[in-house]
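A short worksheet on the structure shown next.
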Amino acid sequence: MLTLKYIQENKERVIEKLKLKKLDATTIVGDIILADNTRKSTQAELDRQLAELNNLSRQIGALMKDGKTDEANAAKEKTASLKESTKELGVKLAETETAINSLLVQLPNVPHDSVPPGKTPEDNVEIRSGGQIPELHEKAVPHWDLAKKYDLIDFELGVKITGAGFPVYKGKGAKLQRALINYFLDEAEKAGFTEVQPPIMVNEDSGFGTGQLPDKEGQMYHVGIDNLYLVPTAEVPVTNIFRDVILNASDFPVKYTAYTPCFRREAGSYGKDVRGLNRLHQFDKVEIVCIDIPENSYNTLEAMVKHVENLVKGLGLPYRILKLCSGDMSFTSALTYDFEVYSAAQQKWLEVSSVSNFESFQANRLKLRYKDADKKTQLAHTLNGSALALPRIVAALLENNQDETGIKIPEVLIPYTRFERI
RNA sequence: GGAGAAAUGGCAGAGCGGUCGAAUGCGGCGGUCUUGAAAACCGUUGUCCGAGCAAUUGGACCGGGGGUUCGAAUCCCUCUUUCUCCGCCA
């Protein structure tokens, strides 16, 4: 979330910028500023009274020591009304802080100045593209038919075991998954990322830290008995490694990567867009997470984009990189690049990665800070990106690489699959 | 799941209900000494919210939350976590 200080100092800017995210924040921002002023004056008065109370207590202690019991008892009586009013002020302060917080969490991140204004995905801006859209043979079919024909993925079996959106990968289909995961992790390691295996269930604090909670809990699977959430992305557990942490300048750059299954309820999604691998409740993803100082975070973002681009290039997939317009960006992001690959049989662009700089928006929730050159504690910047999400990559690979007799495996994956064709 | 013990600053580890934000040691930072380094010695050393241009200054924080008291790291309740023993188990 945005910091109170930032809102106080940039009131107009926040309102203007959030309009680009389709939110009129005038009222919320106004209420926050009023409540924050109340908070400050309340605390000033509370502190004054507490100081007085502390003084009296010290005097009572001294009097007792000297055996002046009567004077001590007289002083005790003076504390009664002060205690009463500090209690009231304490309640008022807590209520004000709660009110401020419930307003603050409603405000999305402010888009970076370079974000193109816009409302819908049509307003996203293509940054660059690469790869060749293949010419498919006449009998080419979408990946769900290929999956069945070559017995790679069994969607019906997943329905039986769990439900729609939980496919079973089989044989070479399963091996292809494993190959992609290993390829992505190895490339991340080469690029200097430290691999971690985090828990795939997280608690409420973690969900809050990265911005899934409150309000978006409907998108996550909830394990009620222990009040835990299945991760929708490795971003959540990996970024939360750094919750309540103060980093030193020498700790940067922080670069982590993790493979995890991801679980998304995606309530309300039906129809042909969700066919096959296009949208699942459980899928695999390798994520990259970076933490950097504010002065460098946009360089880091570009480096992450380059890394993802190399992965897509390596797989030989036709791709394009979009800079999301303000209206299409997520709640938490300040700047997001989406990667799409072309899935030739469906004749569709499929989103396979989203790389974002959250600036200090998550860090403020996480209390993730660092000591700057002046030894002042400052909020760090957090970034993350998919590198990459598997299902749509598999869809595009199957569709684009099919010929009359099978499917060709990309060169870079053969050391991992140990077969060249399906 | 059952029984017991514990939770203090970056770490280790003290702390009769009163001047304890907290002894001491280690580590970190600055300095003296040294050609340089080590050792030794001296000094310094958290986070958050306020007031102030600033020097400075008020308040809060000893796992979380609540309570007793004029006053709580210290007493009481509760939750969480960790350790030991037993049970179960990939």
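FYI, side chains are in, hydrogens and waters are out, and symmetry mates aren't considered; it's all heavy atoms of this structure. Lettering of chains follows the sequences in order, A, B, ..., and the numbering in each one begins at 1.
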Take a 6.0 Å sphere around [atom1] of [X] and say whether it holds more than 12 heavy atoms from other residues, nucleotides or ligands.
{"X": "A/K11", "atom1": "NZ", "answer": "no"}
{"X": "A/Q197", "atom1": "CD", "answer": "no"}
{"X": "A/E302", "atom1": "CD", "answer": "yes"}
{"X": "A/R421", "atom1": "CZ", "answer": "yes"}
{"X": "A/K175", "atom1": "NZ", "answer": "no"}

Task: Side chain of A/S57 - closest among B/G46, B/C70, B/G50 - done: B/C70
Open item on the list: Closest approach to the side chain of A/L50, judged atom by atom: which nucleotide of B/G58, B/A60, B/G46 is it?
Closed with: B/A60
Integer angstrom distance from the [atom1] of [N] to that of [M]:
{"N": "B/G71", "M": "B/G66", "atom1": "P", "value": "16 Å"}
{"N": "B/C79", "M": "B/A7", "atom1": "C1'", "value": "14 Å"}
{"N": "B/U8", "M": "B/A73", "atom1": "C1'", "value": "7 Å"}
{"N": "B/G43", "M": "B/G18", "atom1": "P", "value": "28 Å"}
{"N": "B/G63", "M": "B/G58", "atom1": "C1'", "value": "27 Å"}
{"N": "B/U74", "M": "B/G1", "atom1": "C1'", "value": "34 Å"}
{"N": "B/A6", "M": "B/G10", "atom1": "P", "value": "24 Å"}
{"N": "B/G50", "M": "B/U44", "atom1": "P", "value": "29 Å"}

Could you identify the nucleotide paired to [N], looking across every strand shown and requiring Watson-Crick or G-U wobble geometry with both distances under 3.5 Å?
{"N": "B/A54", "value": "none"}
{"N": "B/C88", "value": "none"}
{"N": "B/C48", "value": "B/G59"}
{"N": "B/G18", "value": "B/C70"}
{"N": "B/U80", "value": "B/A7"}
{"N": "B/U32", "value": "B/A40"}

Write down the distance between [atom1] ([X]) and [atom2] ([N]), rounded to a whole number of angstrom.
{"X": "A/E77", "N": "B/G71", "atom1": "CD", "atom2": "C1'", "value": "16 Å"}
{"X": "A/L63", "N": "B/U19", "atom1": "CG", "atom2": "P", "value": "15 Å"}
{"X": "A/D244", "N": "B/C61", "atom1": "CG", "atom2": "P", "value": "18 Å"}
{"X": "A/I60", "N": "B/A72", "atom1": "CD1", "atom2": "P", "value": "12 Å"}
{"X": "A/I246", "N": "B/G9", "atom1": "CD1", "atom2": "P", "value": "14 Å"}
{"X": "A/K5", "N": "B/C48", "atom1": "NZ", "atom2": "C1'", "value": "14 Å"}
{"X": "A/E97", "N": "B/C61", "atom1": "CD", "atom2": "C1'", "value": "14 Å"}
{"X": "A/L89", "N": "B/G50", "atom1": "CG", "atom2": "C1'", "value": "14 Å"}

- [ ] Step by step, work out the side chain to side chain contact (heavy atoms under 4.5 Å, CB included) result for A/V289 and A/V196.
- [x] CA-CA 11 Å; A/V289 171; A/V196 289; over 6 Å; no
TODO: Please confirm whether A/R178 makes a cation-pi placement over A/Y416, using NZ or CZ under 6.0 Å from the six-membered ring centre and within 45° of the ring normal.
DONE: no
TODO: Look at all strands and tell whether A/T79 reaches a base, only sugar-phosphate, or nothing, counting heavy atoms closer than 4.0 Å.
DONE: sugar-phosphate
Does the side chain of [X] get closer than 4.0 angstrom to OP1 or OP2 of [N] through an N or O atom?
{"X": "A/K83", "N": "B/G71", "result": "yes"}
{"X": "A/T377", "N": "B/U47", "result": "yes"}
{"X": "A/N55", "N": "B/G58", "result": "no"}
{"X": "A/R39", "N": "B/G50", "result": "yes"}
{"X": "A/R369", "N": "B/C48", "result": "yes"}
{"X": "A/N54", "N": "B/G71", "result": "no"}

Task: Of A/A51 and A/L56, the one whose closest RNA chain B nucleotide lies more 5' - done: A/A51
Task: Residue met sooner reading RNA chain B from 5', once A/A62 and A/E52 are mapped to nucleotides - done: A/A62
Task: Inter-residue atom distance A/W349.CH2 - A/R392.CZ, 0.5 Å rounding - done: 14.5 Å
Task: Quiz item: A/D47 side-chain donor-acceptor pair to B/G59 base, under 3.5 Å - done: no
